[in-house]
> 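Below you'll find the structure I mean.
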There are 2 protein chains.
Amino acid sequence: MFSDFERYIKTQAVLTEEDIRLFRDTAIEKKLRRKDLLLQEGEICRYKTFVCKGFLRTYRTTGNGNEHVMQFSPENNWTTDPESYEHHTPSCYNIDALEYTEVVMWTKKDFDYLFDHIPLLKVYSDKLIASNLSRTRQRVFSAISATAEERYDEFIKMYPGILTRVPLHMVASFLGVSRETLSRIRHTQVKS
Amino acid sequence: MFSDFERYIKTQAVLTEEDIRLFRDTAIEKKLRRKDLLLQEGEICRYKTFVCKGFLRTYRTTGNGNEHVMQFSPENNWTTDPESYEHHTPSCYNIDALEYTEVVMWTKKDFDYLFDHIPLLKVYSDKLIASNLSRTRQRVFSAISATAEERYDEFIKMYPGILTRVPLHMVASFLGVSRETLSRIRHTQVKS
DNA sequence: CAAAAACGGTGACAAATGTCCTCGTTTACG
DNA sequence: CGTAAACGAGGACATTTGTCACCGTTTTTG
């Protein structure tokens, strides 16, 4: 598990063996079965999490109990609730596993320690945040400017291969349409 | 104009007179008339911009020429296209003034210099980015989970007083609905 | 393995929204 | 100041989407 992370992070940043040792000494490994929750609404998100293997989903619920998918996190991706993590406030998100998943996590205290001792980590982290913001902006633009079908096509391009791992009603939820609407869109696309 | 910025930034971060001097020496002041463009689609966004007075709008256009408002930036707000600014790539955004506006701007080169010489500036900037990401996430959640009316109500709460400064069709554009739909929503709310 | 749950699709109908149009008022600007 | 543009509203109609109900299949799980 940590070895998966080690292999990945070495492709993203130039790290010394000492850096890797710091990561390893503070990492918490965790295995999740399908449907297990990594974070529950109302809890404080205490970790930055890296997905080594498997698939996580971040979602929010509305008053009437509807689930809305905010993010899919397949292997080799980071996930957390930045607000809750940073300010130690209750989170409004749930994070669960869509399949058997292995993660490595760090507490804020430990990760801040890593920031202090691995200068390049901050640079890497800033890049992740920047690209995260950019993608979120793009998603807003899609939401306000594109039709449901266009958003679906964009989604397929952005996350190729995801359809075989995620049930369609979650894709619909991510796109902000009902599963029936997504079903219709897919139906019309079969013909063309 | 710079004095507006100086007054504001002192409420946000603890700065020395020397820090202020660095800001002042590198700042570019600019006045914009209504409808003037600060950034045009296709250009490289070369500045971080602080709005001292007035009102900016950031929007994108789709293939068929429709404008979609991504952001409103009243006085005491920062704006830029982070992607274009950071990577010197052509921007897909337009930024224009909705009324007479005064801004101060810094080139990336100068602002990076400020980062190097004013340690707290990075902390402040990181906070802005974090809250920006948080708000953008919230907007995605609204877009995929709420009705047009709920999004409108949320908008009013989030930006009180904005309705008197921004034409309704731009609010509609920001919310991702047609101006007719927004008109209907407002009509039904008058009764209740 | 067998029961239960999850899943994907579809039809019928209602509700929401977009599009196109006109109209009167307000605002901008030469 | 006067003309033109921008603006907000509203009606009529078409389209999209949501909701509800149902069905057959696949997957999960005890």
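Everything numeric in this text was worked out from a predicted model, so none of it was measured. Proteins get letters first, then strands, A, B, ... in listed order; numbering begins at 1 in each.
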> Without decimals, in angstroms, what is the distance between Gln189(B) CD and dG8(D) C1'?
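Atom-to-atom, Gln189(B) to dG8(D), this comes out as 16 Å.
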> I need the CD-P distance between Glu150(B) and dT17(C), as an integer number of Å.
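In whole Å, dT17(C) P and Glu150(B) CD are 10 Å from each other.
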> Taking CG from Leu182(A) and P from dG9(C), how many angstroms apart are they, rounded to a whole number?
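Taking atom P of dG9(C) as the reference, CG of Leu182(A) is at 8 Å.
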> Does OP1 or OP2 of dA6(D) have a side-chain N or O of His169(B) closer than 4.0 Å?
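No, His169(B) has no side-chain N/O under 4.0 Å of OP1/OP2 on dA6(D).
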> In this structure, how many angstroms lie between the C1' atom of dT16(D) and the CD atom of Glu180(A), rounded?
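It works out to 14 Å between those atoms.
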> Within 45 degrees of the axis of the six-membered ring of Phe174(B) and under 6.0 Å from its centre: does Arg139(B) put its NZ or CZ there?
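Yes, Arg139(B) and Phe174(B) form such a contact.
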> Grouping I, L, V, M, F, W and Y whenever their side-chain heavy atoms are under 4.5 Å apart, do Leu175(A) and Tyr159(A) come out in a common cluster?
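Yes, same cluster.
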> Between Arg34(B) and Arg179(A), which is nearer to the 5' end of DNA chain D once each is assigned its nearest nucleotide?
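The residue mapped nearer the 5' terminus is Arg34(B).
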> Pick the closest DNA chain C nucleotide for Lys35(B) and for Thr181(B) by heavy atoms, then say which residue is nearer the 5' end.
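Nearest nucleotide further toward 5': that of Thr181(B).
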> Roughly how many Å is it from CG in Leu168(A) to C1' in dT27(D), rounded to a whole number?
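To the nearest whole Å, that distance equals 15 Å.
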> In terms of relative ring orientation, are Phe72(B) and Phe55(B) parallel, tilted or perpendicular, with 30° and 60° separating the classes?
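Perpendicular.
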> May I have the distance from Arg184(B) (atom CZ) to dT17(C) (atom C1'), rounded to whole angstrom?
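Going from Arg184(B) (CZ) to dT17(C) (C1'), I get 6 Å.
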> Would you say Leu39(A) and Thr79(A) make side-chain contact, with heavy atoms under 4.5 Å?
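No. Closest side-chain heavy atoms not under 4.5 Å.
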> Taking 4.0 Å as the cut-off, does a side-chain nitrogen or oxygen of Ser183(A) come that near to OP1 or OP2 on dG8(C)?
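Answer no for this pair, as no side-chain N or O of Ser183(A) is under 4.0 Å from OP1 or OP2.
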> What's the CZ-P distance between Arg151(A) and dT16(D), to the nearest Å?
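My rounded result for the distance is 14 Å.
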> Mind calculating the distance between CD (Glu67(B)) and C1' (dC7(D)) to the nearest angstrom?
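Nearest whole value for this atom pair: 15 Å.
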> Please check the phosphate of dT17(D) (OP1 and OP2 only) for any side-chain N or O of Ser178(A) closer than 4.0 Å.
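Result: no.
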